[in-house]
Amino acid sequence: MIGSANGVRIGITGLGTCVPERVLTNDELATIVDTSDEWIVERTGIRERRIASDEEALSDLALPAAEEALRDAGVTGADIDLLIVATVTPDMMFPTTSALLAEQLGAEDAAAYDLLAGCTGFMYGIAQAYGMLAGGLSKRALVVGGDVLSKILDWRDRSTLVLFGDGAGAVVMEPVGRGGFLGFELGADGAGGEYLWLPGSGSRKFDDPESFVKMNGREVFKFATRVLVSSANAVLEECGRTVDDVDVYVPHQANRRIIDHAVAKLGIPEAKTVVNVDRYGNTSSGSIPLALADARADGRLHDGELVLMTGMGAGLTWGSALVEWTERGR
Ligand code: ACO
């Protein structure tokens with residue numbers, strides 16, 4: 001799916017994040033599985049990640065992130081009429097985390113649902129919110145992307161354990177006076193589904209009673225390096241922009257090597273690229289809002305700047321968005 005904005009200006013007016021307090025370093029991981037700080041840093045660029053406690057579930061991270069985003073936008077939960085939580089690790093299948101969150105935030109009139117699109121969930125979520133806002137169905141939306149993948153990892157499997165971390169981010173989206181989203185490109189390829197999957201997590205029965213993330217790292221690597229480039233180029237072309245127009249590039253934070261590859265292929269200067277995978281690992285649907293928030297905290301997101309975001313993940317799925325940043329501009 002690809003499309004450019006139809007003249008309706010919808011932007012991000014609030015941003016918030018939350019990560020668990022517990023920091024898990026590579027050296028600590030090396031006491032759990034046969035790995036080393038050297039191997040992890042060289043192959044992934046990850047140095048540490050945040051891990052939720054036994055008591056912490058997704059909504060415990062989503063709520064502070066959402067509250068911060070609402071404060072940032074200068075609104076309250078009551079001002080939200082659409083609440084999407086993109087995740088593969090909801091508190092439970094139902095009630096949805098979005099319904100729980102709507103209640104906690106006082107978003108009484110909001111439509112609320114969870115969205116499953118692997119690590120690309122946040123990109124799908126903002127595209128859906130854009131469509132509903134631009135179509136006039138919603139007036140102000142809250143989109144949360146977050147995961148606690150530590151709960152579904154096999155803590156004996158070094159090939160997946162070292163890659164992921166927990167975290168959540170949230171954005172408020174609404175009509176803005178200037179700037180806003182220019183377009184989106186989203187896609188999925190179920191043929192590659194078994195390269196990154198969670199067998200036994202749904203209604204299909206599997207022989208293995210355990211349900212953990214399984215991944216073919218090399219195939220996911222090839223897929224990720226391909227779609228980060230093709231999706232970014234597609235959305236830029238659709239919106240009549242070029243790579244040279246991009247001021248801030250926010251790729252999904254899966255692996256430093258994947259990001260380096262995309263940056264080199266796209267020809268985006270490193271200085272314009274946001275990287276925080278070293279501190280958080282791959283936080284799945286939390287990745288892009290966490291990176292956006294870091295960029296803003298570092299003073300790298302300014303009014304009118306063109307921001308390119310691309311996510312990819314299980315499905316296999318991918319998605320890009322191009323937005324002209326609006327700082328306090330609605
Ligand atoms: N520590 C030490 N050794 C390890 C570890 C580890 N944590 N994991 C694997 N190895 C070993 C392997 O067993 C293998 O050993 P062998 O040669 O004796 O068989 C060796 O290291 C090399 O393994 P490869 O899989 O070839 O290593 P590669 O260079 O491909 O790196 C990696 C593996 C980092 C997983 C890489 O393939 C990758 O990044 N893939 C993409 C993964 C990803 O980003 N997934 C999520 C994206 S989508 C989403 O966000 C949900």
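Just so you know, ligand 1 is whichever comes first in the structure, and atom 1 is the first atom listed for that ligand.
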Flag, side chain of Asp294 to backbone of Val274, donor-acceptor distance under 3.5 Å: no

For Ala224 and ligand 1, answer yes if some heavy atom of the residue is under 4.0 Å from a ligand atom, otherwise no. no

Note: Ile40, heavy atoms under 4.0 Å from ligand 1, region reported as neither

Which atom pairs, donor and acceptor, lie under 3.5 Å between side-chain atoms of residues 281-289 and protein residues at least two apart or in another chain?
unit_1	atom_1	unit_2	atom_2	d
Asn282	OD1	His252	NE2	3.3
Asn282	OD1	Ser284	N	2.8
Thr283	OG1	Ser287	N	3.0
Ser284	OG	Asp147	OD2	2.7
Ser285	OG	Gly118	O	3.2
Ser287	OG	His252	ND1	2.9
Ser287	OG	Gln253	N	2.8

heavy-atom search around atom 11 (C) of ligand 1 in the protein gives Arg158 NH2, 3.5 Å

- Item | salt_bridge(Arg178, Asp303) N-O dist < 4.0 Å | yes

Side-chain polar contacts of residues 262-273 - donor-acceptor pairs under 3.5 angstrom, sequence neighbours left out - could you list them?
unit_1	atom_1	unit_2	atom_2	d
Lys272	NZ	Val246	O	2.9
Thr273	OG1	Pro269	O	3.2

Filtering Met215, Glu219, Arg43 for the heavy atom nearest atom 42 (C) of ligand 1 leaves Met215

heavy-atom search around atom 25 (O) of ligand 1 in the protein gives Arg218 NE, 4.1 Å

Is atom 32 (C) of ligand 1 near the protein, in the sense that some protein heavy atom lies at less than 4.0 Å from it? no

Counting only heavy atoms from other residues, nucleotides and ligands, does the tally under 6.0 Å from CD of Gln104 exceed 12? yes

Between Phe206 and Gly200, the two heavy atoms sitting closest are CD1-N, 3.2 Å

In ligand 1, the atoms that come under 4.0 Å of a heavy atom of Val162 are 7 (N)

Nearest non-hydrogen protein atom to atom 46 (C) of ligand 1, with distance, is Asn282 ND2, 3.6 Å

The atoms of ligand 1 lying under 4.0 Å from a heavy atom of Met312, numbered in the order shown, are 48 (S), 49 (C), 50 (O)

| query | Can you find an N/O atom of Thr44 closer than 3.5 Å to an N/O atom of ligand 1? | reply | no

heavy-atom search around atom 47 (C) of ligand 1 in the protein gives Val220 CG1, 3.6 Å

Note: Thr35, heavy atoms under 4.0 Å from ligand 1, region reported as both

Check whether more than 12 heavy atoms from other residues, nucleotides or ligands sit under 6.0 Å from atom CD of Glu210, and answer yes or no.
yes

Heavy-atom proximity to atom 35 (C) of ligand 1 ranks first, among Asn216, Leu163, Thr283, Leu316, for Leu163

For Val19 and Leu61 the tightest heavy-atom approach is C-CD2, 4.1 Å

Do other residues, nucleotides or ligands put more than 12 heavy atoms under 6.0 Å from Arg47 CZ? no

Atom 49 (C) of ligand 1 has as its nearest protein heavy atom Cys119 SG, 2.7 Å

Exercise. Verify the contact flag for atom 28 (P) of ligand 1, where contact means a protein heavy atom under 4.0 Å away.
Key: yes

inquiry  = Considering both backbone and side-chain atoms of Leu196, is one of its nitrogen or oxygen atoms within less than 3.5 Å of a nitrogen or oxygen in ligand 1?
reply    = no

Ligand 1 to His252, heavy atom cutoff 4.0 Å, flagged ligand atoms 49 (C), 50 (O)

Within 4.0 Å of some non-hydrogen atom of Ala254, the atoms of ligand 1 are 44 (O), 47 (C)

Once you measure the plane-to-plane angle for Tyr130 and Phe184, does it fall in the parallel (<30°), tilted (30-60°) or perpendicular (>60°) bin?
tilted

Within the 4.0 Å heavy-atom cut-off, what Trp39 brings close to ligand 1 is side chain

- Query: Would Arg158 and Asp34 pass as an ion pair if we require N to O under 4.0 Å?
  - Reply: yes

Could you walk me through whether Ser320 and Glu185 pass the side chain to side chain donor-acceptor pair (under 3.5 Å) test, one step at a time? CA-CA 5 Å; Ser320 287; Glu185 195 269 339; 5.0 Å; no

Quick note on ligand 1: atoms under 4.0 Å from a heavy atom of Arg257 include exactly 29 (O), 31 (O)

Yes or no, since that's all I need: does a protein heavy atom fall within a distance strictly under 4.0 Å of atom 14 (C) of ligand 1?
no

- Less than 4.0 Å between a side-chain N and a carboxylate O, is that true for Glu219 and Lys222? yes

Out of Gly217, Gly121, Ser36, the nearest non-hydrogen contact to atom 40 (N) of ligand 1 is supplied by Gly217

Can any side-chain N or O of Asn233 pair as donor or acceptor with the backbone N or O of Ser230 at less than 3.5 Å?
no

Numbered in order shown, the ligand 1 atoms found under 4.0 Å of a heavy atom of Ser159 are 8 (N)

- Would you say atom 19 (O) of ligand 1 touches the protein, meaning some protein heavy atom is under 4.0 Å from it? no

min-distance protein heavy atom vs atom 39 (O) of ligand 1 -> Asn255 ND2, 2.5 Å

Ion pair present between Arg22 and Glu48, side-chain N to carboxylate O less than 4.0 angstrom? no

